[in-house]
Amino acid sequence: MTASGVVTEKPISRDLASTIRGRLQQFLAFGGLIVIFVFFSLASPDFLTFSNVTSMLFSTVVIGTLAIGTTFVIITAGIDLSIGTGMSLCAVMAGVFIVHWHIPLPIGVPLAILFGGVIGLINGFNVAILKIPPFIATLAMMLAAQGLALVISHSAPIYFDTVPAYAAISTGNLIPGVKFPNAVIVLAAVAIIAAIILNKTVLGRYTYSIGSNAEATALSGINVRKWQIIIYAFAGLFIGLASVLISARLGSAQPALGQGYELQAIAAVVIGGTSLFGGKGSILGTVIGALIISLLNNGLQIMSVPQEWQNVVLGAVILAAVYTDNIRRRKAAM
Amino acid sequence: MTASGVVTEKPISRDLASTIRGRLQQFLAFGGLIVIFVFFSLASPDFLTFSNVTSMLFSTVVIGTLAIGTTFVIITAGIDLSIGTGMSLCAVMAGVFIVHWHIPLPIGVPLAILFGGVIGLINGFNVAILKIPPFIATLAMMLAAQGLALVISHSAPIYFDTVPAYAAISTGNLIPGVKFPNAVIVLAAVAIIAAIILNKTVLGRYTYSIGSNAEATALSGINVRKWQIIIYAFAGLFIGLASVLISARLGSAQPALGQGYELQAIAAVVIGGTSLFGGKGSILGTVIGALIISLLNNGLQIMSVPQEWQNVVLGAVILAAVYTDNIRRRKAAM
Amino acid sequence: GGSGSTGASGGKTPYIAIVSKGFSQQFWQAVKSGAESEAKKEGARITFEGPPTESDVEKQITMLTNALAKRPDAIGFAALDSRAAAPLMQQAKSANIPVIAFDSGVDSTVPVTTAATDNKAAAAEDAKHLSQLVGGKGVVGMVIHDQTSQTGTQRRDGFIDWMKTNAPGITLLPPQYSSSDLNKAADITKSIIAANQDLAGIYGSNEASAEGVAKGIQESGKKGVKAVGFDSGKAQIDAIKSGTLAGAITQNPIAIGQQVVVAAMKAIKGVQQPKFINTGYYWYDSTNINDPKIQAVLYQ
Amino acid sequence: MTMTPLLQVQGVTKSFPGVKALSNVHLDLRPGEVLALAGENGAGKSTLMKLLSGIYTADEGEFYLNGEKLEVASPKHAQELGIAIIHQDFNLIPDLTVAQNIFVGREPRWAHTFLNERALNVKAQELIERLQLPLDPKQNVGALTVAKQQMVEIAKALSYEAEVLIMDEPTAALNDAEVATLHELIRRFIRPNTGVIYISHRMNELKVISDRVTVIRDGQYVDTLDVQTTSMKEVIALMVGRSITSDATPVGVRDDREVLLSVSGLNTKDRLKDVSFDLRKGEILGFAGLMGAGRTEVARAIVGADGIESGTITLRGKQISIRNPAEAAKHRIGYLSEDRKRYGLLLEQDVGANIVLSAVSELYAAWGFLKSKSMRATAARYVKTLRIKTPSINQMTKNLSGGNQQKVVIAKWLVKDCDILIFDEPTRGIDVGAKEEIYVLLNELAAQGKSIIMISSELPEVLRMSHRVVVMTEGRVAGILTADEATQESVMHYATLRDDERPGDPAERDSFETEQASPTDVNSDQTAGKR
Ligand SMILES: Nc1ncnc2c1ncn2[C@@H]1O[C@H](COP(=O)(O)OP(=O)(O)OP(=O)(O)O)[C@@H](O)[C@H]1O
Ligand SMILES: Nc1ncnc2c1ncn2[C@@H]1O[C@H](COP(=O)(O)OP(=O)(O)OP(=O)(O)O)[C@@H](O)[C@H]1O
Ligand SMILES: [Mg+2]
Ligand SMILES: [Mg+2]
């Protein structure tokens, strides 16, 4: 065959260049985070201390875990509003399993996480099979979970103090001697695993495909319904995990805690560059998004900004961060 | 000329049939509402009383007004998270205008409504010009408005009792003798006006076309940015109006009230059949959606369902309502 | 926890970090203003923060953690869930930061003192007055501001317990919850009235709920329902003056705020003080509302 | 000639990241002419047109309209200047009706604000009737087939009363009959002060409609030729830099092949009536018919994309029921949709991801993990074989030229090892050279024993590829012809058979005479010699 003129010359070197550029972009997105970090470090001497940075990371854990799970759902062009109250329900179930039924931790904790998977499974079923728009399906789940958490717990916190080992899941220090809470390590591990799944597995690939064009994906012979259910159920596991992390941190399952977390988690995902219209997104972005939010909250509190002003500043900084990120991306795309 | 064989046969009769079918569909969507209504009427003798129905309608007013405005934004494939706290901020501003600055009502009230427009305008600017995703732009506004409402009001309600006429905007009875609150009449009027604007004006047409395919709309020579700003600003007026209605009802501007209203309003819009992906939606649907939510809340309270179960039932009914609506539509589309 | 030494008293203005149960509600704003005015008097610097809702335990814990990171000279803390805060209490102790608990007790030996009201007893007082107002019989509804928080449950349970033991003629409706949303409280009240035409009395467990109860009664046009509330606030005081509300229990949030700062200053200076400071509550109605003693505890 | 060109392009250069789409291109359009623009996929045709219509701005170069320098700031500005364009990728608003789409931005109004919907529909109806297009002004555009959407684009462009009309592959989705209609419209549009730039990969059509043809290759100007005095062979040679020799008849026609798939009595609620046919092993079965004949419907029904009312599908002698395309894939049946943008591509994903999509879990995964290396190798191989013009397999598919996007869709189905491939308009928007290569590939697949259903609106293509031709009309199978029987005339005869119409019924035949005549006309250049 002739006419090789159309085949691009040196595809490899060009490929490499674009890879480096992509890396650089992510690095720069990270840059926004770093700017804020440096600012606070200079602005307040209390900010850049080991214990404060640790506690900032610690406060990222719950939102971060929820956000990572939701990233999958949002990349499929879905949404999950049930993560906040779903987390309360899972925490209550963890309490029921572990405190009331005395199931040992090595079984009870996975059970609680799986319970999150069941919540996701139901969401997935409603979305994929009953064809309920994700917003409504998960809104309904949000309401139901909220109610059930109260019903099951009789509107009272369930305390884990009969099982002292439970708290160690979040607050213990795996690395002996260093006061670095386990929850942060768990978040890091989970982020890495999620990133691998999103980028290196069939599940991840189909997550992107479905979000890009569900119809084209279906016509390519992929069972979109089945995969949607799997993805929602998989994301649900993160609800369960978050519930364990938060209830271990607090030493109790708080049945009314959690509403509003969905918005924060979704915000982290979106700030991290994932599109609500599906097809685009990354775990690294989500983690950065979650860090930006908790960094800002922490920094503003550390700087003793009056609370009524904190939200004003938070809003403005989020806007500025995303705007500069936009400009950067447009520049990079030139 | 050629190719007459391809012309569709009997386009007129098909047209008529599809029109009738369309009407029937809306009637049936209404049907979901009616089923719930009839159920409660049978289940509790206290439900179907003039005063209860009035108060149910009254309780729809705020969410309904917010939802109508947001319908426009959502049809453009946008979202507005700032409606709840934006409403608080507007209410506080109404207090500042009317109570602190003694601006007479006929000017003060429009000013407060316009202030809502300004909030929308800023959102529109951030979305259209700075290209911030609507979710983030309005999330930032939500945070900023929340903070500003507290800052401006010094975290204390502003009472309108020096201006007794203000309360009449919501609670007065325009129709003499009949205890039918003005706010409900305002909502009805606003819904009709909004429906006319959405269906019969250029603004409405561009709302749909931007949501349906913004790129194609721009290529057709329409200034999409300009119209996006106009639409957000227009939707903002409803934030202002809702703030007047709620503060007139309560006799005070509550700076901390409002968060969470955005989710309810968006839920009303989506339950009413508007797609979060843009291009589709109607004011009638939104009003039905808002009515379904407040009907369920009211009915469950009237039936003295324990509150923790109310949310569970609410979730299940919303799911069922939307599911049946889906089936009906699929059937109708056959 | 490397939160260094306090090193405060060395000429620098002492810094007191106060973490409350809420922020934007009137009650907490009154506590805040009391604390601020006292701090001014004492020459101290304070910060005052609280989570958006009284169920947001995690947010409060984070706020407390951040407060500790600022190495304050003393901490004022109103725990949403005292057990969840226990490790942080230990951390404060090891950093030699004295803790003043307020509004409710902290399940820990760390706090130097606790300035709190007995919410259960206060709610019982409300129940007693309502029972008298309705003549010991009839249907009584409750609009409670929160389902799980300590103030919510104590004010609910205190009310219910008193009614159950002391007023057998009264039928209590299941409590409904307003999430401290005035608008919602008004809607709930109207629903309760619509469903119970024979409603004799109704109780609102905080400012928003009480004000909502007054609004709901007013909007429904129903006459003869006796309503009692909790806390104060302009609209509530007006409702009491106009008779829509029969009366209410108020605590003294301004004094609570002041006492937190006073106690903190004492603790910083190492002055001994009692383990418990009762901040008290007062019943007020149209008869005593202009009493200077009552006027002093009302906030608007 | 000394007259000022209507439109002149000089020294235009345009680059995208990693791609130099145009370099120093010039072109002039004379008043009163149809100028064809020819070039391979990715040569830069659409890019040039987008520069003219204000979508992109040129890196270098100048434009002149009637001798005056032209700076097109935006699409709206282009409209105001009298430049109208039909885009290759549709730019329609799916949730609006046909009428609303045609006049979007120019709606009849009262007081500048209120829409006069009735006037809008009347205006649209008038336009549609004047143009003789089979459209209903009140129908939602999103519900239309590609062909009809194309017509909406045509109507919209013609409604502007422009001086310069740019048509970027307006006929890619059209049937010969509709092509003829369009040509008639163009002829009526041409006046002494107007001109048309016409892009198409159907070479025979250029001969019929255009006066001159400008050829570009790899973003560079090659030559401009007078159509009257040039043969299309020369144009093609200039385009692809070599001459195309094609054997113009189906290969491997045999009638002793075993039946693989048998469809019998297929009915759908909407369109199909009693559709029956057999597909044999190693066979290329062509599907011909006018627009709306139901060919796409048959394909979608077979793969389970749409529900069927009755009828059986038998695969290798066993009756099967296919509820969705995933089940079809399990039976090794693949479907390439005619609407690449809506049903074929993940536009926001890269080329590599698209190419391997349908084969991911089967060929490129172990224990759920992707075999990235082998995926990339495969993608790179198909980019090479199909000569997909892209800077790398990491390029976003959206950024490819139309024809190259189509090649990506084809590659996707070549990667997946299907026994039965249903190709719906597979060569839509693909240049002549690449078409030949795809034909070769299809013939190779058939020779390997794969069965192919090829739905195409280009009759010459159907005739040169198909072992047998199924002709459909109005949802029915009007006739099944062998390769020998299938000719322009016989196919068109069956394609226009009406319900209950006996072949040769003179009264009914009358109304289709013109319709049959014109396509024959159009294709005479290429096909007359072959048959
Ligand atoms: N937005 C874009 N970003 C990057 N590259 C682009 C973009 N648009 C076009 N290109 C590249 O520019 C070149 C020319 O594309 P163009 O669409 O003009 O080709 P074409 O001649 O119209 O081809 P076809 O016949 O396939 O439609 C192609 O290599 C294409 O990949
Ligand atoms: N008159 C019509 N009314 C409603 N729907 C129609 C009509 N004509 C066609 N359709 C729809 O369009 C499609 C039918 O055209 P289809 O694509 O099957 O025909 P085709 O033979 O493949 O023709 P082509 O692909 O050339 O348009 C189906 O989706 C059908 O529902
Ligand atoms: Mg092109
Ligand atoms: Mg077709």
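All heavy atoms count here, side chains included; hydrogens, waters and symmetry mates do not. Proteins come first, then strands; the chains are lettered A, B, ... in the order of their sequence lines, and each starts at number 1.
The residues Glu348(D) and Lys280(A) are annotated as salt-bridged, a charged nitrogen and a carboxylate oxygen being separated by less than 4.0 angstrom.
If you measure heavy-atom distances from Met375(D) to chain A, the contacts under 4.5 Å come from the side chain alone. In this structure, the portion of Trp413(D) lying under 4.5 Å from any heavy atom of chain A is its side chain and not its backbone. Neither the backbone nor the side chain of Arg340(D) comes within contact range of chain A, judged by heavy atoms closer than 4.5 Å. Both the backbone and the side chain of Ala353(D) come within less than 4.5 Å of a heavy atom of chain A.
With Ser212(A) as the fixed residue, the side chain to side chain contact (heavy atoms under 4.5 Å, CB included) test singles out one of Leu346(D), Leu345(D), Asn354(D), Thr397(D): Leu346(D).
Enclosure of atom CZ in Phe369(D) is not indicated, since only 12 or fewer non-hydrogen atoms of other residues, nucleotides or ligands lie within 6.0 angstrom.
What you find for Arg205(A) and Val356(D) is that their closest heavy atoms are NH1-CG2, 3.9 Å. Taking both residues in full, the closest heavy atoms of Thr217(A) and Leu357(D) are given as CA-CD2, 4.4 Å, listed atom of the first, atom of the second, then distance.
The candidate with the highest count of non-hydrogen atom pairs below 4.5 Å against chain D, out of Val224(A), Ile222(A), Leu219(A), is Leu219(A). Contacts with chain A were tallied for Ala359(D), Gly42(D), Ser358(D), Ala329(D); Ser358(D) has the most, counting heavy-atom pairs under 4.5 Å.
When side chains are defined from C-beta on, Val202(A) does not count as touching Tyr364(D), because their heavy atoms never get closer than 4.5 Å. Inter-residue side-chain proximity for Asn324(D) and Arg225(A) is flagged as unmet; no heavy-atom pair is nearer than 4.5 Å.
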